[in-house]
There are 2 protein chains.
Amino acid sequence: MSTAPDLLFRTLADPTRRAIFERLCREGEQTVGALTALSGVSQPAVSKHLGALKLAGLVRDRHEGRQTHYSAQPGALNPLIDWTSQMAGFWQNRLDALDDLLKRMDQ
Amino acid sequence: MSTAPDLLFRTLADPTRRAIFERLCREGEQTVGALTALSGVSQPAVSKHLGALKLAGLVRDRHEGRQTHYSAQPGALNPLIDWTSQMAGFWQNRLDALDDLLKRMDQ
DNA sequence: GGAATCCATAACCAGCAAGTTATGGGTTAA
DNA sequence: TTAACCCATAACTTGCTGGTTATGGATTCC
């Protein structure tokens, strides 16, 4: 089945990487330099994280001169939403089944 | 800030661990033995995963004689839902702001 | 009581992933 | 053209984590 959530979970599991993504969501497009400034890690580390985010489809990059602008791609979160609601759905189904059972026993 | 999503993402990032959780969501309560049977890894590995899931609040355990039954605790997914909709919200806000800007420019 | 079963923990191993420094390519500025 | 800047990649180190086997405690069955 869908291996999509796997990449998303793995990519978002790292705190510094998720922080970068959150920042892009909050504040919109940012250059690598700007992201590095507040990330607490070195510039190559940030570049690697951005590469991972891009691989997961979570960000887009746009080259402009010698700087690269990154922006969040929130549609990529959809598989996460799907997965979560699916889990919640299974839960609900079993609740419903239990409910049915109880009703039948009640008769 | 909420460190809740962090533990959730980290815990759900591992495929076998997430598979165990999915199975508990789908099929309800299961013993360690039953989970081990289809997990593809050893019983101690499953126990460790269940420990991690429990630590994250994703499962509950119930002891009955010599076996332990585990069940999903889907409410624990709420921080994940919150985080996701927050990200989507930021995105939407920036879209709205852009929309406003365009409208003002249009006048 | 003794054997078998279920599970958790301990101890250990190997691989990966996130960090670092070093470097280089491309771009702007002097 | 040279210098400075921005970013990406390479090479390397290290710590964590997911896996294993070994073991033991608790429980059930004979």
Side-chain angles (χ1 to χ4, degrees), chain A residues 3-24 27-73 76, chain B residues 3-24 27-73 76:
Chain A
T3 62
D6 192 88
L7 186 57
L8 282 184
F9 274 116
R10 249 191 343 206
T11 305
L12 293 171
D14 182 76
T16 45
R17 185 159 52 223
R18 196 173 59 254
I20 291 176
F21 177 71
E22 292 179 7
R23 181 135 178 255
L24 288 176
E27 310 176 11
E29 201 180 63
Q30 305 267 337
T31 69
V32 176
L35 291 171
T36 300
L38 301 185
S39 67
V41 295
S42 66
Q43 173 266 312
V46 172
S47 274
K48 232 194 304 190
H49 282 308
L50 287 169
L53 288 169
K54 183 179 172 187
L55 205 68
L58 286 163
V59 301
R60 269 171 11 104
D61 59 346
R62 179 175 68 82
H63 298 277
E64 180 179 326
R66 61 184 165 185
Q67 40 194 8
T68 311
H69 299 257
Y70 282 87
S71 55
Q73 197 80 352
Chain B
T3 63
D6 192 87
L7 186 56
L8 281 183
F9 273 117
R10 248 189 343 201
T11 304
L12 293 171
D14 181 75
T16 43
R17 187 159 51 223
R18 196 172 58 254
I20 291 175
F21 178 71
E22 292 180 7
R23 182 133 178 256
L24 288 176
E27 310 175 12
E29 200 180 63
Q30 306 267 336
T31 69
V32 176
L35 291 171
T36 300
L38 300 185
S39 67
V41 295
S42 66
Q43 173 266 315
V46 172
S47 275
K48 235 196 298 192
H49 282 308
L50 288 170
L53 288 169
K54 184 179 171 188
L55 206 67
L58 285 163
V59 300
R60 271 174 7 107
D61 58 346
R62 179 175 69 83
H63 297 278
E64 181 178 325
R66 62 184 167 186
Q67 40 194 9
T68 311
H69 298 258
Y70 282 87
S71 54
Q73 197 79 352

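When reading the values below, keep in mind they use all heavy atoms of this one structure, side chains included, and skip hydrogens, waters and symmetry mates.
Within 4.0 Å (heavy atoms only), B:Thr68 reaches sugar-phosphate atoms of the nucleic acid but no base atom. At a threshold of 4.0 angstrom between heavy atoms, the contacts of A:Gln67 are confined to the sugar-phosphate backbone, with no base atom among them.
For the pair A:His49 and C:dA17, the criterion of a side-chain N or O lying under 4.0 Å from OP1 or OP2 is not met. Residue B:Tyr70 has no polar side-chain atom (N or O) positioned under 4.0 Å from OP1 or OP2 of C:dC6.
Partners of B:Arg66 by side chain to side chain donor-acceptor pair (under 3.5 Å), not counting sequence neighbours: none found.
When the nucleotides C:dG19, C:dC7, C:dA8 are ranked by their closest atom to the side chain of B:Thr31, C:dC7 comes out on top. When distances run from any side-chain atom of B:Arg66 to the nucleotides C:dC7, C:dG19, C:dC6, the shortest one goes to C:dC6.
Computed from coordinates, the A:Arg10 CZ to C:dA17 C1' distance equals 11 Å when rounded to whole Å. Taking atom NZ of residue B:Lys54 and atom C1' of nucleotide C:dC7, one finds them 12 Å apart after rounding to whole Å. Distance A:Leu55 CG to C:dA17 C1': 14 Å, rounded to the nearest Å. Counting to the nearest Å, the C1' atom of C:dC7 and the CG atom of B:Asp61 are 11 Å from each other. Per the geometry, CD belonging to B:Gln43 stands 14 Å off P belonging to C:dA10, to the nearest Å. As a whole-Å value, the separation of A:Leu12 CG from C:dA18 C1' is 16 Å. Straight-line distance from the NZ atom of B:Lys48 to the P atom of C:dC6: 22 Å, rounded to whole Å.
Once you apply a 4.0 Å limit to the heavy atoms of chain B, the touched nucleotides of DNA chain D run 5' to 3' over D:dG18 to D:dT28.
Across every non-hydrogen atom of B:Val46 and B:Ser39, the tightest pair is CG2-OG, 3.4 Å.
Partner of A:Glu29 under the salt bridge (Lys or Arg N to Asp or Glu O under 4.0 Å) criterion, chosen from A:Arg23, A:Arg60, A:Arg62: A:Arg62.
Residues B:Leu12 and B:Leu58 are in side-chain contact: their nearest non-hydrogen atoms beyond the backbone lie under 4.5 Å apart.
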